[in-house]
Trainee: 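Shown below is the structure under consideration.
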Amino acid sequence: MKQERETKQWKLIALDIDGTLLNDKHEVPEANKKAIKAAREKGVIVVLSTGRSIRTCEDIARQLELSSYLVTVNGSEIWHTEGTLLERNPLHYKHIKTMWDLTNTYKTKMWAVTKDKVWRDEFPEIPDAEQWLKYGFDIEDDKAREEIFSILSANEELELSNSSPTNIEVNAVGINKAVALAKVCEKEGITMEDVIAMGDSLNDLAMIQAAGLGIAMGNAQDKVKEAADWVTDKNTEDGVAKAIRQWVL
């Protein structure tokens with residue numbers, strides 16, 4: 001199987017942004033830029049697959065001169081890099097209300113993504129008029145985080161993940177990066193078996209498990225490393241470039 005992967009012609013690379021593509025200064029290292037460019041010159045499609053909203057990742061796509069798709073808000077939206085929205089999967093307001101109440105009860109930090117804005121520790125005046133895409137908790141207290149996770153896990157209409165060990169990210173059930181990438185593959189006439197997916201957190205887990213080659217960063221959470229086919233270097237050590245050189249170039 002390993003030999004098959006080493007000789008396979010990969011057709012798409014899906015990259016998480018924070019903790020993966022970017023270093024700890026929130027910059028794309030030059031080594032990553034060069035490797036991505038070289039992969040694209042070989043005809044490989046490069047897709048950013050992120051928990052970020054379109055507004056906080058389109059500059060990175062432009063910087064890398066990408067001309068493909070953007071999976072944003074953990075798969076709640078799929079965009080073309082030209083700026084066309086292909087799909088949107090909102091979270092029902094009743095769930096947002098529940099999570100806002102939990103935020104206030106447990107006094108946690110929060111952020112949430114609506115169609116037009118990222119809300120941080122604040123809430124709109126007319127919240128049910130918004131199109132909600134994701135809700136996030138940032139909780140330093142382990143006990144509080146476990147309790148909130150337990151409460152939300154009981155709701156079958158929610159998909160739970162994280163983008164760091166201290167947070168919880170919530171999307172509508174069935175919405176994750178793997179599902180969105182499968183739709184991108186369908187548009188390109190390929191399958192998830194043709195995909196290399198790289199990430200570091202639980203919101204990357206589904207795509208790492210579904211891809212033909214799932215790669216965890218050296219700084220990834222243990223659960224992600226355990227699920228991956230291969231572990232590259234840390235995001236601070238040009239891990240994306242190392243993986244692309246190893247498997248694509």
Side-chain angles (χ1 to χ4, degrees), residues 1-24 26-52 57 60-61 64 66 68-72 74-75 161-165 169 176-185 188 190-249:
M1 188 66 174
K2 185 174 186 291
Q3 193 171 6
E4 281 177 26
R5 287 195 180 116
E6 284 175 348
T7 56
K8 185 175 172 68
Q9 297 297 304
W10 300 101
K11 295 175 182 174
L12 189 149
I13 301 171
L15 295 173
D16 171 51
I17 293 180
D18 297 288
T20 301
L21 175 65
L22 305 187
N23 60 24
D24 288 355
H26 304 291
E27 298 167 342
V28 183
E30 281 304 314
N32 288 355
K33 288 181 187 175
K34 285 177 183 172
I36 288 166
K37 185 180 181 188
R40 290 184 63 236
E41 285 171 352
K42 279 192 73 172
V44 179
I45 301 161
V46 178
V47 172
L48 299 183
S49 185
T50 178
R52 291 185 178 213
C57 72
I60 296 167
L64 295 169
L66 300 185
S68 59
Y69 301 90
L70 296 166
V71 170
T72 64
N74 291 341
S161 64
N162 75 19
S163 56
S164 87
E169 298 200 347
N176 58 55
K177 295 181 181 184
V179 171
L181 282 169
K183 291 173 181 175
V184 168
C185 287
E188 288 296 319
I190 62 176
T191 72
M192 286 295 284
E193 281 298 310
D194 299 312
V195 174
I196 295 175
M198 280 186 243
D200 69 303
S201 296
L202 296 191
N203 63 352
D204 302 309
L205 192 58
M207 72 171 181
I208 282 172
Q209 290 172 322
L213 178 64
I215 297 178
M217 303 302 293
N219 52 287
Q221 294 173 41
D222 289 343
K223 197 169 179 180
V224 179
K225 286 182 179 177
E226 287 161 13
D229 300 302
W230 196 70
V231 179
T232 187
D233 289 343
K234 295 179 180 179
N235 66 313
T236 53
E237 299 166 347
D238 307 335
V240 165
K242 178 182 179 179
I244 292 173
R245 287 195 298 265
Q246 171 76 20
W247 296 97
V248 178
L249 302 181

Trainee: Can any side-chain N or O of N176 pair as donor or acceptor with the backbone N or O of V179 at less than 3.5 Å?
Mentor: yes
Trainee: Taking all heavy atoms of N74 and all of G51, pick out the closest pair and write down the distance.
Mentor: OD1-CA, 3.1 Å
Trainee: Between N23 and N235, do the side chains contain a donor N or O and an acceptor N or O under 3.5 Å apart?
Mentor: no
Trainee: Test side-chain contact (heavy atoms from CB on, under 4.5 Å) on L21 and I36; report intermediate values, then the result.
Mentor: CA-CA 10 Å; L21 175 65; I36 288 166; 3.7 Å; yes
Trainee: Between K42 and V248 (side chain of the first, backbone of the second, donor and acceptor by atom type, cut-off under 3.5 Å), is there such a pair?
Mentor: yes
Trainee: Taking 4.0 angstrom as the limit, do D194 and K8 come out as a salt bridge?
Mentor: yes
Trainee: For K33, check side chain to side chain contact (heavy atoms under 4.5 Å, CB included) against everything at least two apart and list the hits.
Mentor: V28, E30, Q63, L64
Trainee: Measure the spacing between CG of L205 and NZ of K223 and express it to the nearest 0.5 Å.
Mentor: 6.5 Å
Trainee: Hey, what do you get for CG (D200) to OG1 (T232), rounding to the nearest 0.5 Å?
Mentor: 12.5 Å
Trainee: Looking at side-chain heavy atoms only, is the closest gap between I60 and I17 below 4.5 Å?
Mentor: yes
Trainee: With a sphere of 6.0 Å drawn around NZ of K234, does it hold more than 12 non-hydrogen atoms of other residues, nucleotides or ligands?
Mentor: no
Trainee: Give me the atom names and distance for the closest heavy-atom approach of D233 to E237.
Mentor: CB-OE1, 3.6 Å
Trainee: Return the minimal non-hydrogen interatomic distance between A228 and I208, and the atom names on each side.
Mentor: CA-CG2, 3.8 Å
Trainee: Just how far is it from atom CG of L48 to atom CG of L66, taken to the nearest 0.5 Å?
Mentor: 5.0 Å
Trainee: Heavy-atom distance under 4.5 Å between the side chains of V44 and K11, does that happen here?
Mentor: no
Trainee: Say you draw a straight line from CH2 of W247 to CD1 of I215; how long is it, rounded to the nearest 0.5 Å?
Mentor: 7.0 Å
Trainee: Please tell me if the side chains of I45 and V184 come closer than 4.5 Å, counting only heavy atoms from C-beta onward.
Mentor: no
Trainee: Roughly how far, to the nearest 0.5 Å, is the CG atom of L213 from the CE atom of M198?
Mentor: 8.0 Å
Trainee: Is M217 close to V231 at the side-chain level, that is, under 4.5 Å between some pair of heavy atoms?
Mentor: no
Trainee: So S49 and L15, side-chain contact (heavy atoms from CB on, under 4.5 Å) or not? Walk me through it.
Mentor: CA-CA 5 Å; S49 185; L15 295 173; over 6 Å; no
Trainee: Rounded to the nearest 0.5 Å, what's the gap from CG on L202 to OG on S161? Could you check?
Mentor: 7.0 Å
Trainee: So which heavy atom on W10 is nearest to which on E193, and how close?
Mentor: CZ3-O, 3.2 Å
Trainee: After noting the C-alpha distance and the side-chain angles of V195 and I13, does the key distance pass the side-chain contact (heavy atoms from CB on, under 4.5 Å) rule?
Mentor: CA-CA 6 Å; V195 174; I13 301 171; over 6 Å; no
Trainee: I'd like to know whether NZ of K183 has more than 12 heavy-atom contacts from other residues, nucleotides or ligands below 6.0 angstrom.
Mentor: yes
Trainee: Taking all non-hydrogen atoms of both residues into account, name the closest pair between G199 and A220 and its distance.
Mentor: O-CB, 4.1 Å
Trainee: Begin with the C-alpha distance, continue with both residues' side-chain angles, and end with the deciding distance and a verdict on side chain to side chain donor-acceptor pair (under 3.5 Å) for Q221 and N162.
Mentor: CA-CA 10 Å; Q221 294 173 41; N162 75 19; 2.9 Å; yes
Trainee: Please step through side-chain contact (heavy atoms from CB on, under 4.5 Å) for the pair L12 and I196, ending with a clear verdict.
Mentor: CA-CA 6 Å; L12 189 149; I196 295 175; over 6 Å; no
Trainee: Who passes side chain to side chain donor-acceptor pair (under 3.5 Å) against N32, sequence neighbours left out?
Mentor: none
Trainee: In this structure, which one of S201, S163, S164 forms a side chain to side chain donor-acceptor pair (under 3.5 Å) with E169?
Mentor: S163
Trainee: Considering only heavy atoms from C-beta outward, does the side chain of V71 approach that of L181 to under 4.5 Å?
Mentor: yes
Trainee: Testing the basics here: between A61 and L70, what is the closest heavy-atom pair and its distance to 0.1 Å?
Mentor: CB-CD2, 3.9 Å
Trainee: So do E226 and D222 actually touch side chain to side chain, heavy atoms under 4.5 Å?
Mentor: yes
